[in-house]
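This is a predicted model, so every value here is computed, not measured. Below, each value reflects all heavy atoms present in this structure, side chains not excepted, and no hydrogens, waters or symmetry copies. Numbered from 1 within each chain, the chains take letters A, B, ... in sequence-line order.
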There are 2 protein chains.
Amino acid sequence: MSTTVPAYRRIQTAVQQLITRKGLKPGDNVPSERELAKLHGVSLMTARHALTVLEHEGVVERRRYAGTFVAQPRIHFNKLTSYTEEMSSRGLAPHSRLITGKVIYNEDEIVAQLNLPPGSAMVKIERIRYASDEPFALETCYLPNAEFPGLLAKHLGTNSLFFVIENEFGITLSYADEEVDATAADERVAALLSLSCGSPILRICQVIRSSNNRPIMYVIGQYCAQRHTLFIRRFR
Amino acid sequence: MSTTVPAYRRIQTAVQQLITRKGLKPGDNVPSERELAKLHGVSLMTARHALTVLEHEGVVERRRYAGTFVAQPRIHFNKLTSYTEEMSSRGLAPHSRLITGKVIYNEDEIVAQLNLPPGSAMVKIERIRYASDEPFALETCYLPNAEFPGLLAKHLGTNSLFFVIENEFGITLSYADEEVDATAADERVAALLSLSCGSPILRICQVIRSSNNRPIMYVIGQYCAQRHTLFIRRFR
DNA sequence: AAGTGGTCTAGACCACGGC
DNA sequence: CCGTGGTCTAGACCACTTC
């Protein structure tokens, strides 16, 4: 079972709820480190930790000598989220269509990305993602078959893959390394996403890792560039 | 003048030098938190801080209960670097060509991105970036003219813009928020980058901020997708 | 002058991996 | 069993902003 939630996580969600519940606008200030520490009965370093995470996610903005403030708009930078989570955080209903769901044995390039022995069986899942009834992405996922027995029976047309992995298989995800580039839609992708051949596609290849840094899933996302932008934050 | 370098920064660069000097390979372990603390005469939290930053940059990988190790490749994830820094970190010579360098008054969309009053004067700088004599990117920068008097006289064909901003104007950069999408090369870009019209282009629009979170520079980068990939890391 | 975030200390306990 | 990273404490000083 899961261990107890760390204090800094509780504070983190508490601050986020404070923002949404009180309807704080960008620029409004949130409690200072010292206030949070007192409020939650923790030490200063712990309160700081919570704010540091929120800053990296783009929820909050810190100004030295001045305070901590609600950040500009609402994109969660650099945060690994599922399509389902992303949609519901924007108040939209997720909607997908399962195109492929089978076990494969012969894609050795991806086997290598997942650090598996050559010839290993993998589950391959292809889904089309919709935003308000318009298809905007084709996502192809690969997972080691040995670690996810019965995965294909989980109604992946309607269930969140992240949810199944984390809750039904008890795996904690930690981070993803991603390669981003641009391509043109080939015939198949164009047909699936209702585009013309050659339309610009934003391609994102992720290696998602579990808590012990083992690769757990390889995902190729092909996003219709007109309907999707990626937001990131980089620090100096 | 500049203040003293924080201890965690010193440890950070010390670890990086250790890796390059000893030629450590991915998977080799670096000193543990406790070792680093003893080595540099700092407390455990400070040594941890250094490793946390290195982990976010993708230099180092931590495995709970096991240790800290040199990370897989050597791309510096999520780190705001200049073209010049990126090239020299790969042992390549930077090479650019200045296309445009002038003061403009009439691009109000960008004026808004920089939080300036409407009609403000901005410096506009366009440069082509080369990788081993092949053009691979067109970068267009906008800066508030009032804050950078004499910027255009700084030999921007050869000098690093980041260097000039940080050292000659004494500004500390903190982070950049970026929008990434895919497009097709228009006629001008195609000509400048020796591509055919319609080739896939990875476009990155950055708002770079100084230490007090004021926008300092707006950059539109258009990268030839065949010759450039973006690496990022996202955390759960 | 009061308050803020940034840095730092010198300890502590925990859960787990590898020996 | 020992060493590891992850979490946490209860303080401290600094440089600076805002009032």
**Asked** Does a nitrogen or oxygen in the side chain of A:Thr68 sit under 4.0 Å from OP1 or OP2 of C:dG5?
**Response** yes
**Prompt:** For the pair made of CG in A:Leu51 and P in C:dG5, what is the distance, rounded to whole Å?
**Reply:** 7 Å
**Message:** Applying side-chain hydrogen bond (donor to acceptor under 3.5 Å, both in side chains) as the test, list every pair that has at least one member in residues 36-50 of chain A; sequence neighbours left out.
**Reply:** A:Glu33-A:Arg48
**Asked** Does B:Val123 have any side chain to side chain contact (heavy atoms under 4.5 Å, CB included) partners at least two apart in sequence or in another chain, and if so, which?
**Response** B:Ile125, B:Asn145, B:Leu151, B:Leu152
**Item:** For atom CG of A:Leu36 and atom C1' of D:dT9, their distance in whole Å
**Value:** 17 Å
**Item:** Presence of B:Thr46 side-chain N/O under 4.0 Å of C:dC8 phosphate oxygens OP1/OP2
**Value:** no
**B:Ala7, nearest nucleotide to its side chain (from C:dC8, D:dT4, C:dT9)** = C:dC8
**Asked** To the nearest angstrom, how far is A:Arg10 atom CZ from D:dT7 atom P?
**Response** 13 Å
**Prompt:** For A:Arg9 and D:dC8, what is the distance between atoms CZ and P respectively, to the nearest whole Å?
**Reply:** 10 Å
**Item:** Nucleotide D:dT7, atom C1' - distance to CD of A:Gln12 in whole Å
**Value:** 14 Å
**Request:** Could you please name the option among D:dA10, C:dT4, C:dT9 that lies closest to any side-chain atom of A:Ser43?
**Result:** D:dA10
**Message:** Between B:Leu80 and B:Phe162, is there a side-chain heavy-atom distance shorter than 4.5 Å?
**Reply:** yes
**Asked** Taking for each residue the nucleotide of DNA chain D bearing the nearest heavy atom, is the 5' side occupied by B:Val30 or by A:Gly41?
**Response** B:Val30
**Item:** A:Arg48 side-chain N/O to C:dG6 phosphate OP1/OP2 under 4.0 Å
**Value:** yes
**Item:** Out of D:dG6, C:dA10, D:dC8, whichever nucleotide has its closest atom nearest the side chain of A:Pro6
**Value:** D:dC8
**Asked** Does any N or O donor sit under 3.5 Å from an N or O acceptor when you compare the side chain of B:Arg34 with the base of D:dG3?
**Response** no
**Complete:** Whichever of A:Val42 and B:Arg64 has the more 5' nearest nucleotide on DNA chain D, that residue is B:Arg64
**Asked** Does the side chain of A:Tyr65 get closer than 4.0 angstrom to OP1 or OP2 of D:dT18 through an N or O atom?
**Response** no
**Message:** Without decimals, in angstroms, what is the distance between A:His49 NE2 and C:dG5 P?
**Reply:** 17 Å
**Prompt:** Just how far, in rounded Å, is P of D:dT9 from CG of B:Leu44?
**Reply:** 16 Å
**Fill in**
From CE of A:Met45 across to P of D:dC8 the rounded distance in Å is 12 Å
**Message:** Is it true that A:Thr81 and A:Glu86 share a donor-acceptor pair across their side chains at a distance under 3.5 Å?
**Reply:** yes
**Message:** Angle between ring planes, A:Phe235 versus B:Tyr175, binned at 30° and 60°: parallel, tilted or perpendicular?
**Reply:** tilted
**Asked** Does a side-chain N or O from B:Arg62 land closer than 4.0 Å to OP1 or OP2 of D:dG6, or not?
**Response** yes
